[in-house]
S.K.: 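This is the structure, below, for whatever I ask next.
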Protein chains: 2
Amino acid sequence: MIVNEPSDPGLLALARDFREALRHSIYLVRRLDADGELSAAQLSMLKMLMDAAPATADSASSASGVRVGEIARNLGVKVPSATEQIIKLERAGLARREPDPSDSRAVRVTLTEAGLAAVASANERRNAVMAGILSSLSDDDRAALAAALPVIGRINATLQA
Amino acid sequence: MIVNEPSDPGLLALARDFREALRHSIYLVRRLDADGELSAAQLSMLKMLMDAAPATADSASSASGVRVGEIARNLGVKVPSATEQIIKLERAGLARREPDPSDSRAVRVTLTEAGLAAVASANERRNAVMAGILSSLSDDDRAALAAALPVIGRINATLQA
DNA sequence: CGATCATAGTTAGGTAGCCTAACAGTTAGG
DNA sequence: CCTAACTGTTAGGCTACCTAACTATGATCG
């Protein structure tokens, strides 16, 4: 049995259905992001900064913060777009820009305390809304969804390359 | 055993993981839409028009086309946003606006031949790219994904209410 | 060493897609 | 009729992205 052929009908059908599911999910994401406290783009960046941070409360830890170019790469946007968002976060008091001691061209971006709190609160609220939606599913449905999430994660990971 | 409680830890974790998957999928969607021939919003609208059409080649069929308000509702946007997109599609020769004979306030939007062709070609290309990505998955992964798509469909359907 | 080239980020200007508010025309009800 | 409700467009504004051009620093090499 031949699989993985580019023209395999089953594969194309799966591709179509997955695209369709993602397309409709846009509305879901929009609904979740409509709570206003933080835009999707800003929450994404804050979360990324949080994950990238060594999470050491020790402020003397080496090379803290993430460089602008790295942020852009992580978020899949161009550097000027990242700069723009960073400036907004900075003005909102959620992030800080500091010069990189080892390279004066570079800029290190870190979360502030307020940024950390904002990310936690925004995620909590969105997760609660999503949990409410998921609560109407059957146990089998939830199991199927849970089983697919790692797969979707692998799909998304292939894009990094 | 209590399930579906808003504070159920498993449910919240699933919500978090699903949100995370959707968040990352944005890049995937962006990649798919980057082929340039048609924006995501425009393709969505064209596809909606295609699905809503009676699909009768007979141009004398009753009440052809979709009203602007209905389009907006189907796409989850406000009426002015729909109008804006429709005008763009019209200018591109992909859609047509006609007065509704039974209500002079209303406008009926239909696909042109070019619009139909554009939707087919854009979908084909995107599906092929997606199929290429999916082809690197294992059979088990594809099965898990396929099993979850109806669930995601149900989740998205709950938003219509 | 110093000219040159590469790299990091910002600034400037533009586009797409969404929104609300205000408007014009049409229909329906009291 | 005349007012209230509805349909769609116009006007103006916002966010988030982009490319191109610029500044400043670092790295290479003759």
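When reading the values below, keep in mind they use all heavy atoms of this one structure, side chains included, and skip hydrogens, waters and symmetry mates. Everything numeric in this text was worked out from a predicted model, so none of it was measured. To find a chain, count down the sequence lines: A is the first, B the second, and so on, and within it residues start at 1.
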S.K.: Which is true for A:Asp100 with a 4.0 Å heavy-atom rule: it touches a base, it touches only sugar-phosphate, or it touches nothing?
M.R.: nothing
S.K.: Would you say the side chains of B:Ser64 and B:Arg108 form a donor-acceptor pair under 3.5 Å?
M.R.: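 Looking only at side-chain atoms, B:Arg108 and B:Ser64 do not form any donor-acceptor pair under 3.5 Å.
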S.K.: Contact boundaries of DNA chain D with chain B (under 4.0 Å, heavy atoms), 5' to 3'?
M.R.: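 Range of nucleotides touched by chain B: D:dC6 to D:dC17.
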S.K.: Name the pairing partner of C:dG30, where a pair is Watson-Crick or G-U wobble with both distances under 3.5 Å, or state none.
M.R.: D:dC1
S.K.: Could you tell me how far apart A:Ile87 (CD1) and C:dA8 (C1') are, to the nearest whole angstrom?
M.R.: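 Between C1' of C:dA8 and CD1 of A:Ile87: 14 Å.
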S.K.: Rounding to an integer number of Å, can you tell me how far B:Gln42 CD sits from C:dT15 C1'?
M.R.: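 Taking atom C1' of C:dT15 as the reference, CD of B:Gln42 is at 12 Å.
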S.K.: Salt bridge between A:Asp100 and A:Arg105, side-chain N to carboxylate O under 4.0 Å?
M.R.: no
S.K.: Separation of B:Arg91 atom CZ from C:dT15 atom P, in whole Å?
M.R.: 13 Å
S.K.: To the nearest Å, give me how far apart CG (B:Leu75) and P (C:dC18) are.
M.R.: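 After rounding, the gap between these two atoms is 8 Å.
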S.K.: Taking 4.0 Å as the cut-off, does a side-chain nitrogen or oxygen of B:Ser81 come that near to OP1 or OP2 on C:dG17?
M.R.: no
S.K.: Between B:Ser138 and B:Asp140, does the side-chain hydrogen bond (donor to acceptor under 3.5 Å, both in side chains) criterion hold? Intermediate values first, please.
M.R.: CA-CA 5 Å; B:Ser138 73; B:Asp140 282 354; 5.4 Å; no
S.K.: So, is B:Gln85 near the phosphate of C:dC18, with a side-chain N or O under 4.0 Å from OP1 or OP2?
M.R.: yes
S.K.: Heavy atoms under 4.0 Å, any strand shown: does B:Val107 hit a base, just sugar-phosphate, or nothing?
M.R.: sugar-phosphate
S.K.: Rounding to a whole Å, what distance do you find between A:Ile26:CD1 and C:dG17:P?
M.R.: 11 Å
S.K.: Can you work out whether A:Glu84 or A:Asp103 has the more 5'-proximal nearest nucleotide on DNA chain C?
M.R.: A:Asp103
S.K.: Output yes when B:Glu124 and B:Arg126 qualify as a salt bridge under the 4.0 Å nitrogen-oxygen rule, no when they do not.
M.R.: no
S.K.: Does the side chain of B:Arg16 come under 3.5 Å of the side chain of A:Asn123 through a donor N or O and an acceptor N or O?
M.R.: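 No, no side-chain donor-acceptor contact under 3.5 Å.
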S.K.: Below 4.0 angstrom, N of the basic side chain to O of the carboxylate: do A:Arg67 and A:Glu70 qualify?
M.R.: no
S.K.: A:Ile71 CD1 to C:dA8 P: how many Å, rounded?
M.R.: 14 Å
S.K.: Does the A:Arg97 side chain pair with the main chain of A:Glu90, one donor and one acceptor, at a distance under 3.5 Å?
M.R.: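 No.
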S.K.: Whole angstrom is fine here: how far is it from CZ in A:Arg31 over to P in C:dC18?
M.R.: 16 Å
S.K.: As a test of reading the structure: which of C:dC18, C:dA8, C:dG9 is closest to the side chain of A:Arg105, going by heavy atoms?
M.R.: C:dA8
S.K.: Distance check needed: C:dA16 C1' versus B:Leu89 CG, whole Å only.
M.R.: 13 Å
S.K.: With nearest nucleotide decided by heavy atoms, which residue, B:Arg67 or A:Lys88, maps closer to the 5′ end of DNA chain D?
M.R.: B:Arg67
S.K.: Describe the nucleic acid contact of A:Ser39 in one word from base, sugar-phosphate, nothing, applying a heavy-atom distance below 4.0 Å.
M.R.: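 Touches sugar-phosphate only.
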